[in-house]
Amino acid sequence: MDSETAAKRIFAAIRAIPRGEVAGYGEVARRAGLPGRARLVARLLGENEDPKLPWHRVLRSDGRIAFPEGSKGWREQSQRLRAEGVKVENGRVRGQRAAPTVDEQIWGPAD
DNA sequence: GTTCTGACTGCGA
DNA sequence: GTCGCAGCCAGAA
């Protein structure tokens, strides 16, 4: 598929993340039909300007924010997550995880 | 064409 | 829990 379509799918997958929940880069990429393109997701988020896009719900596989602590994006993401009811401690997300085990739980059993 | 860099991931110590 | 290393893909120089 074209990179444009890939980006479109990725954005759709991110928008599909329910409020108060989080997902990992790898998860988003996989759900978008682009397994192994976690880095592409990160890149797109960096270029993205859509305020409607819940990019702050995208975390690393560790369940932590991808930014270094103290960064502007780091603060913004952690603050937004807390505003949605997600507990964030020192850059780590509590209560939820970006593990693939919850994929059907947040995405649904079927497409 | 090659080389670097990166909001990544998984595994082992 | 943390740290280091190798593998990985995509875009920019």
Side-chain angles (χ1 to χ4, degrees):
Chain A
M1 74 179 63
D2 296 349
S3 53
E4 191 174 337
T5 306
K8 191 176 169 186
R9 278 174 170 258
I10 290 174
F11 288 138
I14 295 175
R15 291 198 199 92
I17 305 174
R19 179 178 173 282
E21 298 287 320
V22 295
Y25 287 91
E27 268 305 297
V28 172
R30 197 181 311 182
R31 194 65 200 183
L34 302 164
R37 276 56 160 187
R39 270 181 148 150
L40 178 59
V41 177
R43 194 184 190 335
L44 287 173
L45 290 184
E47 296 288 303
N48 148 72
E49 298 179 0
D50 189 344
K52 179 73 169 58
L53 191 72
W55 57 270
H56 52 272
R57 295 179 191 149
V58 186
L59 309 171
R60 304 200 344 192
S61 58
D62 306 66
R64 298 186 191 174
I65 295 177
F67 288 103
E69 183 179 330
S71 297
K72 186 170 187 301
W74 182 92
R75 272 187 297 177
E76 186 173 334
Q77 182 165 18
S78 56
Q79 189 172 341
R80 284 185 179 225
L81 287 173
R82 276 190 230 164
E84 295 190 349
V86 179
K87 296 185 178 182
V88 182
E89 287 187 23
N90 204 0
R92 309 179 198 174
V93 175
R94 291 282 192 165
Q96 297 295 339
R97 201 202 289 200
T101 56
V102 299
D103 71 325
E104 301 204 347
Q105 180 180 321
I106 63 179
W107 296 111
D111 292 3

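Numbers restart at 1 for each chain; the letters A, B, ... are given by sequence-line order, proteins then strands.
A donor-acceptor pair under 3.5 Å is absent between the side-chain atoms of A/R80 and the main chain of A/S78, judged by distance alone. Not one N or O on the side chain of A/R31 forms a donor-acceptor pair closer than 3.5 Å with the backbone of A/A13. With hydrogens and angles disregarded, a donor-acceptor distance shorter than 3.5 Å links the side chain of A/Q77 to the backbone of A/V58.
When each of A/V28, A/I10, A/I14 is paired with A/L45, the side chain to side chain contact (heavy atoms under 4.5 Å, CB included) condition holds for A/I14 and for no other.
Annotation: side chain of A/N48 is in contact with side chain of A/F11 (closest heavy-atom distance under 4.5 Å). Side-chain contact between A/D50 and A/R15 is present, with heavy atoms from C-beta onward closer than 4.5 Å.
Spacing between atom CZ of A/R60 and atom C1' of C/dT2 amounts to 12 Å, rounded to whole angstrom units. Atom pair A/I14:CD1 and B/dA7:P shows a separation of 15 Å (rounding to whole Å applied). Between the OH atom of A/Y25 and the P atom of B/dT9 there is a distance of 8 Å, given to the nearest Å. Whole-Å rounding puts the A/L34 CG to B/dT9 P distance at 14 Å. The distance from atom CG of A/L53 to atom P of B/dA7 is 17 Å, rounded to the nearest whole Å. Counting to the nearest Å, the P atom of C/dG11 and the CG atom of A/L44 are 8 Å from each other. Residue A/D62 contributes atom CG, which lies 9 Å from atom C1' of B/dC8 at whole-angstrom precision. Counting to the nearest Å, the P atom of C/dG11 and the CG atom of A/L45 are 14 Å from each other.
Across all strands, A/R43 comes closer than 4.0 Å only to sugar-phosphate atoms, never to a base (heavy-atom distances).
Checked against B/dC8, B/dG10, C/dA10, the side chain of A/S61 finds its nearest nucleotide in B/dG10.
Closest-nucleotide positions on DNA chain C for A/R92 and A/R39 were compared, and the one nearer the 5' end corresponds to A/R92. Positionally, the nearest nucleotide of DNA chain C for A/P35 lies more toward the 5' end than for the other of A/E47 and A/P35.
DNA chain B lies under 4.0 Å from at least one heavy atom of each of the following residues of residues 66-87 of chain A: A/A66, A/F67.
Contact annotation: A/R37 does not reach the phosphate of C/dG11 (side-chain N/O to OP1 or OP2, under 4.0 Å).
To the nearest 0.5 Å, atoms CD (A/Q79) and CH2 (A/W74) are separated by 10.5 Å.
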